[in-house]
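The structure appears right after this line, and notes come after that.
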Amino acid sequence: MTSICTTTRRVPLGQIVITPNALDRLNSQDVCACLRRHGRGDWGDLDPHDLAENELSLKEGFRLLSAYADRSGTKFWIITEADRSVTTILLPEDY
């Protein structure tokens, strides 16, 4: 999925992984589009507090969280670890 989802990034994503549950249930085109958004710093469907936390986390090197939904309405998260070594795509119940 990494090569398909390549784009200019504000956030280094490291290794991109996806949980088996998310892989089975999510539309892959939507996942790639949202991964590009996450990499650009578009955090998706977060409340103002969480948006502000991500902006602080981007500056301070903390973990980043984005929330999206695919075309069927299935909600999912994208989390990039603080050291930017791994980005995980998962469903909330996978957390």
Side-chain angles (χ1 to χ4, degrees):
M1 191 176 302
T2 304
S3 62
I4 297 170
C5 299
T6 305
T7 187
T8 303
R9 294 193 179 114
R10 181 177 177 202
V11 177
L13 301 178
Q15 180 182 5
I16 298 168
V17 298
I18 185 167
T19 63
N21 191 29
L23 182 62
D24 185 52
R25 292 186 48 204
L26 296 171
N27 178 282
S28 62
Q29 291 175 333
D30 295 344
V31 169
C32 282
C34 292
L35 192 58
R36 284 191 290 275
R37 289 175 61 189
H38 178 80
R40 288 192 311 262
D42 173 352
W43 314 122
D45 303 322
L46 295 180
D47 64 36
H49 172 76
D50 289 332
L51 290 170
E53 281 294 314
N54 267 5
E55 290 303 318
L56 176 66
S57 295
L58 189 60
K59 292 175 189 168
E60 299 296 327
F62 303 138
R63 187 172 76 163
L64 298 162
L65 166 71
S66 293
Y68 307 101
D70 76 353
R71 65 188 70 190
S72 68
T74 303
K75 294 180 181 185
F76 66 99
W77 295 340
I78 299 177
I79 299 173
T80 298
E81 296 302 324
D83 65 1
R84 309 299 186 249
S85 64
V86 177
T87 295
T88 305
I89 301 154
L90 67 159
L91 301 181
E93 62 262 29
D94 297 336
Y95 188 73

Of all residues at least two apart in sequence or in a different chain, which pass the salt bridge (Lys or Arg N to Asp or Glu O under 4.0 Å) check with [X]?
X	value
Asp42	Arg37
Asp30	Arg71
Glu55	Arg10

- Note on the structure: residues 70-89 vs ring pair (Phe, Tyr, Trp, His ring centres under 6.0 Å), sequence neighbours excluded, gives Tyr68-Phe76, Trp77-Tyr95
- Query: Which pairs count as ring pair (Phe, Tyr, Trp, His ring centres under 6.0 Å) when at least one residue sits in residues 21-43, sequence neighbours excluded?
  - Reply: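 Counting only pairs at least two positions apart or across chains, the ring pair (Phe, Tyr, Trp, His ring centres under 6.0 Å) contacts touching residues 21-43 are His38-Trp43.
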- Task: Among residues two or more places apart or on two chains, list those pairs meeting salt bridge (charged side-chain N to carboxylate O under 4.0 Å, His left out) that have a residue in residues 13-23.
- Result: none
- Taking only residues two or more places apart in sequence or in another chain, which ones pass side-chain contact (heavy atoms from CB on, under 4.5 Å) with Thr74?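 Residues passing side-chain contact (heavy atoms from CB on, under 4.5 Å) with Thr74: Arg25, Leu26, Asp70, Ser72, Leu91.
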- Item | Qualifying residues under side-chain contact (heavy atoms from CB on, under 4.5 Å), relative to Arg84, sequence neighbours excluded | Val11, Pro12, Leu58, Leu64, Thr80
Quick check for you: to the nearest 0.5 Å, what is the distance between [X] atom [atom1] and [Y] atom [atom2]?
X	Y	atom1	atom2	value
Leu51	Asp45	CG	CG	9.5 Å
Glu53	Asp47	CD	CG	10.0 Å
Ser85	Leu13	OG	CG	11.0 Å
His49	Asn54	NE2	CG	10.0 Å

- Which hydrophobic side chains are connected to Phe62, either touching it within the sub-4.5 Å cutoff or through other members that do?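 Same cluster as Phe62: nobody, lone residue.
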- Message: Just to verify, what does Thr19 make a side-chain hydrogen bond (donor to acceptor under 3.5 Å, both in side chains) with, not counting sequence neighbours?
- Response: Asp94
- Message: Going by the rule side-chain hydrogen bond (donor to acceptor under 3.5 Å, both in side chains), which residues pair with Asp24 if we only count those two or more places apart in sequence or in a different chain?
- Response: none
- Query: Heavy-atom distance under 4.5 Å between the side chains of Asn21 and Leu90, does that happen here?
  - Reply: no
- Leu65, Val86: one ILVMFWY side-chain cluster at the under-4.5 Å cut-off? no
- Transitively linked via ILVMFWY side-chain contacts under 4.5 Å: Ile89 with Val17? no
